[in-house]
Structures are given as structure tokens and as C-alpha cells.
Amino acid sequence: MSRTDERYNVRETEAKWQAIWDERQSFRAREDDPRPKYYVLEMFPYPSGRIHMGHVRNYTLGDVVARYKRACGHAVLHPMGWDAFGLPAENAAIQNGVHPAKWTRENIAAMRTQLKSMGLSYDWSRELATCEPEYYRHEQKMFLDFLAAGLVYRKESWVNWDPVEHTVLANEQVIDGRGWRSGALVEKRLLSQWFLKITAFAEDLLAGLEGLSRWPERVRLMQENWIGRSEGLRLFFDLDGREDRLEVYTTRPDTLFGASFCAVAANHPLAEQLARTDPGLASFVAECNRLGTSEAALETAEKKGYATGLHALNPLAAGQRLPVYVANFVLMDYGTGAIFGCPAHDQRDLDFARKYGLPVTPVVAPKEVDPATLTIGDEAFTEDGVLINSGPLNGLAVAEAKARVIDMMEAKGVGQRAVNYRLRDWGVSRQRYWGCPIPIVHCAACGVVPVPESELPVTLPEDVSFDKPGNPLDHHPSWKHVACPRCGSPARRETDTFDTFFESSWYFARFCSPGETSRGFTRAAADHWLPVDQYIGGIEHAVLHLLYSRVFTRALKACGYLGVAEPFAGLLTQGMICHETYKDAEGRWLFPDQVERRSDGSLVELGSERPVLLGRSEKMSKSKKNVVDPARIIDTYGADTARLFMLSDSPPERDLDWTEAGIDGAFRYVNRLWRMVEAARDALPAPQDPAPASFGPAAVKVRGVTHRTIALVGEDLERFHFNKAVARIRELTNSLADLPPDEAGAPWVLREGLETVVRLIGPMLPHLGEELWSLLGHSQLLIDTPWPAADPALLVEDSVTVAVQVNGKLRGTVDLPKDAPTAVAEAAALAVPAVAALLAGKPPRKVIVVPNRIVNVVV
RNA sequence: GCCCGCUUGAUGGAAUGGUAGACAUAACGGACUUAAAAUCCGUGCGCUUCGGCGGUGCCGGUUCGAGUCCGGCAGCGGGCACCA
């Protein structure tokens, strides 16, 4: 076999370099490293058992950043761990009888092996799993510190209750109002639960967003909307014939004269009180409760109300009596759980008023419209305008009217100016086994007693059974029975565990000192590494995980754990991986491996040859079977090829379409590069050889391309434009392939070019990079080789092609010296035949010259 | 329902308000080969009377000039507090 027929041995080569990096502990991060620190973190995975393409993309992106920053001279911290508590482990226990701990640990082992095959530059010595007591014990301590700091409290809150399984259901487990496993109608139940007082940070969370300049604008917007700060009025309505009053929050106090009803939530104390004596109302409340707890379910349900028969008295318009309804669209968690409705100026109120025949009185008119002719049809008027039909407010603008009404209500003592947030406190209790136990004891005499620090961790018992419905911790024979830490009398452990967002809210800090036993992390390590310089993960975490982490960091700061308020200085949110979907004639989903593409383009089922229906590309999901197993891809093509495909076709924040053709293309490039180096290396000068005295014109051109590519790829990587970086490196590769070998200086330029390609591609194709770097005669590892520097003298081109337009339409181009004077450019443009023809001898009206880019002649 | 995005050739995408389609993928043509694979080279938005004309989801606006900015609409997707 001749040498050029040899193939790049992907498997051996990738394993070889992984072993070398491992042996040398190349990716260990040290705090005493004098270089500037850089902390790159990818969202850690839930250990479901196998990595999926989303992981491959996420971790490839992070690895490129980590390796690039390392080459640029940073001391990089790049850790990985496991978000190991969660529902799937319990579901597996119920379905397959495997213990969640065993299931989770086996999954972690399998996924670790898979991740290692990707050649990621992790400091594996910092690996953590949140389900281990060494991790969660510190979280229990944090909770107790938060409790002592007044950031934690207990209150009743609603959950989805499955009456058959005797469990609380997650929103995703409620399908059409029924439990996903039992099929039983879900009930809402009140449970006493622990809450983190995150609303205390609302203002600070909002203010902090402005400083997060390296976060995507849309994520900041989503968080801002989630926090949902509004300014308005809390006011009391007297209830006709009753002693008590109804407290209402409104952001539209200006529309009070146009009020035509009041409505309270189904869980409002008033509704519950009335329901006791009104069977009709009781059944309406029960119906509302069946809607579940998710906001989407409540908002999309048909808007319904139940007239209580009570009337509220408008504090502004004397004598106006407003019927009081219980309505399914009023949320107990927002404001006071009660509203007044002004149908003319709120669409939902208008729909409600039309449905129940309530009056619609406009009180705000558009500026240019005669109030007398103003009528409200099917659309509420929600814009700014002038007050009408509102006694003393008439003629005022909306903003003025708001202020006036607030002042009037405050003067009367029936209301006050209020800031309200949509953000609610974080309920952290879960009635589940596979989570971190909440370190609390309930004592008949002492009440709620924190577990003393000396008794931490409260570990999960492993001898549990999932045979009985309900929380295994609750019916464990002995675990929950303890002596009260305060008085010693028999007491009961809290059997709830933490929301798994608890673990993921501080793991980035734990990575700073993973071996620390006295506390979650040392202040010194946190001060050194935090904040995370670049965090990378899915857009689906834009609100909850990221917000909780910001909250937790603030709470930890308040308790002296660390000094920063913001955990993530930079954020990159990646898009999803999509794939075509396939169905057989019966409409059953098929895996891509079951489908064969015939040469005529038609699709058939492998084996049976039956026709296959092609569906559009959708997010890869098990339910639609449009998944491709990364393990198979890495096995067949190698990690570098999988990584290259992840980077090359789409910008990271967009969705990526997985195609077999795309992976083939990436594989071809990997092999092409290898062949180029392999074929050229004998003819190249030695690595240290000085540059020859002169270069032929083609060689000069290629050197220019080489150095411009260095500069541009650097910029691309800084901005995470990985697809553009790949495109430019391919362009450089094409230029090198076209370099005439007999040109003066060609071998030297070819070496310079190939070395540049290898160094630039290194963070993306780390195994191939090392292999080629060593083939090119270097003994130092590529990962220890600094990022190349572009020679500024070679970046400038001496002539540029300038576009010539007439009235904005392209009519030709002219080649001009770089930075040619405006007059020269103008003259050259006017000399273009097509331009001269259009001018027909007349002088141009105007000529716009953008140096080195364009000349636009206006006629 | 509310909030947030996205939409450019057959496909993924590129384009500080300045030559739309870089770089790839698929396809087609050619070279090499007994043949195939691999590889290499080439073509590649549509229409055209070969002068040009039209074209970045749709409608309108700003501008010397709009894929890019503004207003409206449509389609698709993400999040909505117990999936992670």
C-alpha cells in the first residue's frame, strides 16, 4: 500500500491523544496559576443514561471556548458534573424496580465514558454528583443559614394531587386534567411547604440585569418580564351589606369610573367562605381547581365566572354597585387575588362583560376622537388617551389620572400606591424521595426545629420501597422518627425534599473547591474563580434555572459565602438539534436507522421495503423517534467529526438540523486535512527554518490569506461565530491546496499555512490537531502551544474592488488602490461605461463615496 | 391566553445600512479507475429578445442605498413557576 492510500485512523488516534492528555493531567485547574483566570461552564446534564445530541452540541461549544482561551494564555477552569436528583430516577424505580441511587450511579458511569470519548478538556478531578451526601450536605447547611437570615418561610400552597397514586404531580404529569399514570382526575390540594423569599431580591434581580452585558438581550427581557414589576394601587372596596372589605390591586386606577364588576380567584378566602353555603359556587370552585396549577392551563381555559350575589361599592363613584364574581382567570398568586374589571379598556374584562351582559363604559378616549361618538365593539381600547365619563378626572391624560386617583384614594384612606411583582416566592418543597432531604424536624412541643449543624447531613435512607403509592420517605418504618433536637421528645422528620433546582443553583460554586468538607466551597476559591466567565446551555433555561441561580448567589452573598451577586458574567444559549421525522403507512414513528433513502430519493422502511412518509424537521425527541445516537456517530466517524458538524453548519444560538450528509461532509474535511499534511510533510522545510528572502506572487497572496484568517478566526471565536470560523479555515485550506508547488517560497508558505490551519482548528478538532501538529514535527503538544498571532503587515491588501451603483443599483465595479481619495474613486466610477451611458452626458445630481466599498451615483 | 424568538437558493447558512447567496451539503457534468468507492476539477436564484429585469415569508414606510432600521400581518418554534 502506498503512503497516500493510507487512511486516517480515527479511533486509534483519538484514544491516543485522550490518554496523553489524561496522563499529563493537562486540564487540571489550579488557583496558584499566575495567568488570568477564565471559568467556562456548560450546564451539567441530568444523568438519563446516554448522552444525546443536545449534550454533544453544548459540550462541544464549551470545549472550543475552553481550549481557545487556554491557547490565549488563560488559566482555564472547565469542570463537569451531574445534576443527579430528579423525577426520572423515581419513575424508573416504579416501572423497573431499580433503586434510584443504583440507576443514577450506573447512568453517570455510562455517560462519563461517553463524554470522555468526545475528548473534552474537563478537569475531571472536580467532578461532582448532586445526589451524593458530600454535595447535598452543604446545601442543607445553606438552607439553615437562609432560614436564620430570614430568607425562608413556610406557607400553604396548592399542588396537583393524584388521588389514586397519593402523590403530587408535576405539571408535565398532568395531561388534560388527569394523572399521566393513573388517569385519575387531578385535584388541587393545599400543602404546607417551604418557600425561599426570592421576592425580597426582585428589585436587585431587575437592576442586576442591566449589568449583564454579555447575556443575550432576549434572555434579559424574558427575566425582566418574569419578574414583572408594575406600579399601581391597592385599594379597598366596601362590600354592600357586609363588614369585610375586598382588597384589589390594579395598574389602571385611572379606569376606576369605568368599572363594571369585581372578580376574585377561586381560592380567594371570600370565595371559599361563600362556597360553604352556596353549592353552585362550591361546584364552580371545584371545577376551577380541576384546571391544575399551570398558568398556561388557566389562561387558555374559557373565561368563566360565577356571580356571588355580593356587590362591591366603588369608592370613587358614589352609589355605583359592582357585582362580585368568582372567576377562573383571576390568579390568587398575583396581586391580592381580586380585581375590578373595566371592560372598555381591558380585553379580558371586555370578553367577560360581553359574556355576562355587564355594562361597558369607556372612560378613556383617543385624543383625536369625539368622546360622544366613541363606542367599544369587540376590541378594548388599551392605548393612551384622554379621560372621559370620569367626573373630576375628565380631560386628564392616563398617566395624570392614575396619579390623581392614587392621591384621592390615599387621602380617603381606602388605598395606597403599590409596587407589585409577577414574581412569586420560590416553593422549594417536593413530596418526593429522590431529592435532598430538608433538614427540619417537626416537634409537637417545639414546632419547626432546624436539624443542628453537627447532625448534618440528613441522608436519604436507601432501604425504601416504591410498592406503595406516595412518598417512600413518608412510609419508611423508622427514618422519619427522631428525637426533637431541642427538647428530646419524639418528633418527626420533614419528609419533603428540595426542588432539584436547588442543587443546580450553586454547583458552579462547588466546582471552585470540590473537595472542601467543612462547607460547600471556600470563600477564597469562590473569590478566585467566580463569576463564571462563560456559561453555555439551552435557551429553555432562560428563566427558571438562571433566575434561581442568580437568587441563590445573592442569598449566599447575604450569608457571607461569597462576594459576587451575579454567578454568570457571560451567557451563550444554544439552539436545539432537529431531525426529519418518519412515519410508516400506519402512522407509527420510525427511527432514522429504520429508514433507507433510495437512489431515486424515495424513502422506504429498512427490511420491509414499505414506503415511509417524510415529516418536517423537528426537535429530536424520543417520542417522535427522530433521534440519532451520538455514540454511534462517534464510533463511526470519531469525536472530531461530530464536533466539527456541531460547529460548522449553524450559528450556536440557532436550531441545528442534523443530516447524514452534513456529518459526511465534516468527515471528508477531517480526512482531507490529514491527507494534505501527510502528503506535504516530506516536502516541507523544517519547522524552525527562517522565511526565504523572496516569495512568488501566488505565495504572497496565500500568506495574506493565512494571516487574515488568523485575525478573522480570532474575532469569530471571541464572538462565538464558530460556523464562520470553520468556513474561513476551509477557505484557507482551499487556498493552500491551490498554491503552485514550484512557486518561489511555496514550501515555506505551505508549512506556515498548514500549521496555521492546524492551530486554528485545534480547539474544534483537538485530536486531529494534536496528530497533525506532531506529524508536522513538533514535540510540544498543540494544547500547550500558544494561539497564533497575525502579522499586521500582511493583513492589508493594497487594492480593493469597489462597487459602482447608479441610484442604488449595481452597474459595475472598479479596482482601486486601498484608501484611494474620494475624487479618484468618483472619477473612476463615472468612467464605468454603464454609468456614463445612464448619465447620458448630464452631470450627476449627487455622488456618494464610501471609501473602499462603494460609489453611488444619483442621477 | 401571556412573554420571547425565528423566517435568505434544492438544503444549512454568509453579508459594521453599501457588490445578496461566502463556506458547506445535495444535484448535475467532467477527470482518474476494468468497474465501483474514494479523490480532484467544473456548473450552480428565477426570467430574458442577452440590453437587462425580478428576487432575502407578506404588505407598507424611512434612506442616495434595506436581508439589515421602523410600522403592520402571516407561519413556525421556545418559556409559562413540580421535567430538567
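Letters go in sequence order (proteins before strands), and every chain restarts at 1. Just so it is clear, the values below take in all heavy atoms, side chains as well, and ignore hydrogens, waters and symmetry mates.
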Side-chain contact check for Asn225(A): nearest option of G78(B), U25(B), C3(B) is C3(B)
Would you kindly check whether a donor in the side chain of Gln173(A) faces an acceptor in the base of C82(B), or vice versa, at under 3.5 angstrom?
no
Distance below 4.0 Å between Arg430(A) side-chain N/O and C82(B) OP1 or OP2
yes
Across the strands shown, which category fits Arg672(A) at heavy-atom distances under 4.0 angstrom: base, sugar-phosphate, nothing?
sugar-phosphate
Closest to the Gln431(A) side chain, choosing from C53(B), C82(B), A81(B)
C82(B)
Determine, step by step, whether Phe502(A) and Phe552(A) satisfy the ring pair (Phe, Tyr, Trp, His ring centres under 6.0 Å) criterion, reporting the C-alpha distance in whole Å, the side-chain angles of both residues, the deciding distance to 0.1 Å, and the verdict.
CA-CA 8 Å; Phe502(A) 231 66; Phe552(A) 223 86; 5.0 Å; yes
By the 4.0 Å heavy-atom rule, please label Trp426(A) as base, sugar-phosphate, or nothing.
nothing
Please pick, from G12(B), G1(B), G77(B), the nucleotide with the shortest atom-to-atom distance to any side-chain atom of Met576(A).
G77(B)
Rounded to whole Å, CG of Leu656(A) lies from P of A24(B) at a distance of 18 Å
Looking at G79(B), A15(B), G1(B), which one has an atom nearest to any side-chain atom of Glu299(A)?
G1(B)
Please report whether the ring centroid of Tyr46(A) lies less than 6.0 Å from that of Trp82(A).
no
Assess the residue pair Thr801(A) and Asp815(A) against the criterion (side-chain hydrogen bond (donor to acceptor under 3.5 Å, both in side chains)); give the C-alpha distance rounded to whole Å, side-chain angles, the decisive distance to 0.1 Å, and a yes or no.
CA-CA 4 Å; Thr801(A) 304; Asp815(A) 285 329; 2.8 Å; yes
At what distance, to the nearest 0.5 angstrom, does NZ of Lys619(A) lie from CG of Leu656(A)?
14.0 Å
Nucleotide-level pairing of RNA chain B, given in dot-bracket where Watson-Crick and G-U pairs need both distances under 3.5 Å and | marks other strands:
(((((((..(((.....[....))).(((((.......))))).(((....)))..(((((..]....))))))))))))....
Picking from A84(B), G1(B), G12(B), which would you name as closest to the side chain of Ala296(A)?
G1(B)
Starting from P on G13(B), measure out to CZ on Phe720(A) and report it in whole angstrom.
20 Å
Look at all strands and tell whether Arg422(A) reaches a base, only sugar-phosphate, or nothing, counting heavy atoms closer than 4.0 Å.
base
May I ask you to say what Arg730(A) touches in the nucleic acid, namely base, sugar-phosphate or nothing, with a heavy-atom cut-off under 4.0 Å?
sugar-phosphate
In whole Å, what is the span from the CG atom of Asp657(A) to the C1' atom of U7(B)?
14 Å
Have a look at G9(B) and give me syn or anti from its glycosidic angle (syn if within 90° of zero).
syn
Within the 4.0 Å heavy-atom criterion, would you say His545(A) contacts the bases, only the backbone, or no part of the nucleic acid?
nothing
Give a yes/no on whether any side-chain N or O of Lys846(A) is located under 4.0 angstrom from OP1 or OP2 of U63(B).
no
Starting from the C-alpha separation in whole Å, work towards a yes-or-no answer on side-chain hydrogen bond (donor to acceptor under 3.5 Å, both in side chains) for Asp162(A) and Ser182(A).
CA-CA 8 Å; Asp162(A) 186 316; Ser182(A) 68; 2.6 Å; yes
Glycosidic conformation of G51(B), syn or anti, with 90° from 0 as the boundary?
syn
Using OP1 and OP2 only, check whether a side-chain N or O of Arg654(A) sits under 4.0 Å from G13(B).
yes
Main-chain N/O of Glu302(A) paired with Asn328(A) side-chain donor or acceptor, under 3.5 Å
yes
Euclidean distance, atom CZ of residue Phe502(A) to atom C1' of A84(B) [Å, nearest integer]
17 Å
Tell me what Val858(A) touches on the nucleic acid: a base, only sugar-phosphate, or nothing, going by heavy atoms under 4.0 Å.
sugar-phosphate
State whether the side chain of Glu503(A) and the backbone N or O of Phe85(A) hold a donor-acceptor pair below 3.5 Å, judged by distance alone.
no
Could you tell me whether the side chain of Tyr637(A) and the main chain of Val10(A) form a donor-acceptor pair under 3.5 Å?
no
Would you indicate what Glu731(A) reaches in the nucleic acid, counting non-hydrogen atoms under 4.0 angstrom: base, sugar-phosphate, or nothing?
sugar-phosphate
Is Thr300(A) touching bases, backbone alone, or none of the nucleic acid, heavy atoms closer than 4.0 Å?
base
Roughly how many Å is it from CG in Asp738(A) to P in C41(B), rounded to a whole number?
7 Å
State whether Asn171(A) places a side-chain N or O below 4.0 Å from either non-bridging phosphate oxygen (OP1 or OP2) of C83(B).
no
Return no unless some side-chain N or O of Thr500(A) is found under 4.0 Å from OP1 or OP2 of A84(B).
yes
When you compare G12(B) with G79(B), how far apart are their C1' atoms, in angstrom units rounded to a whole number?
26 Å
Starting from the 5' end of RNA chain B, give me the residue, Val804(A) or Gln193(A), whose nearest nucleotide shows up first.
Val804(A)
So, OP1 or OP2 of A24(B): does either fall under 4.0 Å of a side-chain N or O from Asn723(A)?
no
Among U19(B), A15(B), C82(B), find the nucleotide with the atom closest to the side chain of Ile854(A).
U19(B)
Closer than 3.5 angstrom, by distance alone: can the side chain of Asn856(A) be matched with the main-chain N or O of Gly808(A) as a donor-acceptor pair?
yes
Can you tell me how far P of A84(B) sits from CE of Met111(A), to the nearest Å?
15 Å
Could you check whether Tyr669(A) gets within reach of a base, just the sugar-phosphate, or nothing at all, counting any heavy atom under 4.0 Å?
nothing
Between Tyr135(A) and Trp506(A), what is the ring plane arrangement, given parallel below 30°, perpendicular above 60°, and tilted in between?
parallel
Roughly how far, to the nearest 0.5 Å, is OH of Tyr421(A) from OG1 of Thr199(A)?
9.0 Å
With a 4.0 Å cut-off on heavy atoms, is Ser429(A) in touch with a base, just the backbone sugar-phosphate, or nothing at all?
base
When you get a sec, tell me which of A14(B), C23(B), U19(B) is the closest nucleotide to the side chain of Asn734(A)?
C23(B)
Nearest-Å distance, CD (Glu217(A)) to P (C4(B))?
11 Å
Would you classify Ala542(A) as touching base, sugar-phosphate or nothing, given that sugar-phosphate means primed atoms plus P, OP1 and OP2, and contacts are heavy atoms under 4.0 Å?
nothing
From the options C82(B), C4(B), A84(B), select the nucleotide whose nearest atom is closest to the side chain of Tyr548(A).
C82(B)
Spacing between Leu712(A) atom CG and C23(B) atom C1', to the nearest angstrom:
13 Å
From the options A14(B), G12(B), G5(B), select the nucleotide whose nearest atom is closest to the side chain of Ser650(A).
G12(B)
Sugar-phosphate, base or nothing in reach of Asn671(A), heavy atoms under 4.0 Å:
nothing
Select base, sugar-phosphate, or nothing to describe what Asn856(A) touches, counting heavy atoms under 4.0 Å on all strands.
base
In terms of side-chain heavy atoms of Ile848(A), which of C82(B), A81(B), C64(B) is nearest?
C64(B)
When all nucleic acid strands are considered with a 4.0 Å heavy-atom cut-off, which category describes Leu547(A): base, sugar-phosphate, or nothing?
nothing
Return no unless some side-chain N or O of Lys809(A) is found under 4.0 Å from OP1 or OP2 of G52(B).
no
Phosphate OP1/OP2 of U25(B): any Arg668(A) side-chain N/O under 4.0 Å:
yes
Any idea how Phe329(A) and Phe352(A) line up, ring-wise: parallel (<30°), tilted (30 to 60°), or perpendicular (>60°)?
perpendicular
